[in-house]
Engineer: 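Structure below; questions to follow.
Values below: all heavy atoms of this structure, side chains included; hydrogens, waters and symmetry mates excluded.
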Amino acid sequence: MATAWKYRFLVDVWAEPREIEGLPTVIRARVVDMATDEEHYVGSFAEIAQIIAVRLDAEGIRPARWERS
């Protein structure tokens, strides 16, 4: 069973300015695994979920599912 607060991730999300006005805003994020200090820079929510899933899988937490999918 997963221990409370054992698997912690910090997610920073920001909007990057565009040089050409009118283009869609680019959203980027950084995911930090607080246990290992490993950083990943991503460009989608799917990538955030994948990074977390890989970490949980490595710890033997299967199946991992979000509370509200």
Side-chain angles (χ1 to χ4, degrees):
M1 185 169 172
T3 304
W5 298 107
K6 182 174 180 181
Y7 309 103
R8 297 174 57 191
F9 299 88
L10 174 66
V11 179
D12 292 317
V13 179
W14 65 91
E16 291 191 350
R18 299 298 296 260
E19 289 184 23
I20 301 173
E21 191 175 324
L23 288 177
T25 302
V26 174
I27 305 297
R28 303 230 191 259
R30 175 181 70 136
V31 180
V32 180
D33 184 331
M34 301 300 286
T36 64
D37 286 332
E38 217 174 307
E39 291 185 8
H40 301 273
Y41 288 87
V42 300
S44 72
F45 288 113
E47 288 177 272
I48 294 169
Q50 180 63 27
I51 289 165
I52 294 170
V54 167
R55 172 76 161 94
L56 295 179
D57 285 348
E59 294 294 323
I61 299 175
R62 293 184 185 110
R65 69 183 273 285
W66 292 93
E67 179 182 335
R68 293 183 290 246
S69 296

Engineer: May I ask whether Leu56 and Val54 are part of the same hydrophobic cluster, defined by side-chain heavy atoms of I, L, V, M, F, W, Y residues being less than 4.5 angstrom apart, directly or through others?
Structural biologist: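 Per the 4.5 Å side-chain linkage, Leu56 and Val54 are not co-clustered.
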Engineer: If you look at every heavy atom in Glu39 and Val32, which pair is closest and at what distance?
Structural biologist: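 Residues Glu39 and Val32, closest heavy atoms: CG-CG2, 3.8 Å.
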Engineer: Hey, what do you get for CZ (Arg30) to CZ (Phe9), rounding to the nearest 0.5 Å?
Structural biologist: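 Arg30 atom CZ to Phe9 atom CZ measures 14.0 Å (nearest 0.5 Å).
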Engineer: When rounded to the nearest 0.5 angstrom, what is the spacing between OG1 in Thr25 and CD1 in Ile27?
Structural biologist: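 Interatomic distance, Thr25 OG1 to Ile27 CD1, rounded to 0.5 Å: 6.0 Å.
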Engineer: Within this structure, what is the OH-CD1 distance for the pair Tyr41 and Ile51, rounded to the nearest 0.5 Å?
Structural biologist: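 Interatomic distance, Tyr41 OH to Ile51 CD1, rounded to 0.5 Å: 11.5 Å.
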Engineer: Report the distance from atom CG of Asp57 to atom CD of Gln50, rounding to the nearest 0.5 Å.
Structural biologist: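 The distance works out to 8.0 Å.
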Engineer: Following the transitive rule for hydrophobic clusters with a side-chain heavy-atom cut-off under 4.5 Å over Ile, Leu, Val, Met, Phe, Trp and Tyr, establish whether Val11 and Tyr7 coincide in one cluster.
Structural biologist: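 Yes, same cluster.
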Engineer: Side-chain heavy atoms under 4.5 angstrom apart, residues restricted to Ile, Leu, Val, Met, Phe, Trp, Tyr: same cluster for Val13 and Val42?
Structural biologist: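 Linked within one cluster.
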Engineer: Could you measure the distance from the CZ atom of Arg55 to the CD1 atom of Ile61? Nearest 0.5 Å is fine.
Structural biologist: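 With rounding to 0.5 Å, CZ (Arg55) is 8.5 Å from CD1 (Ile61).
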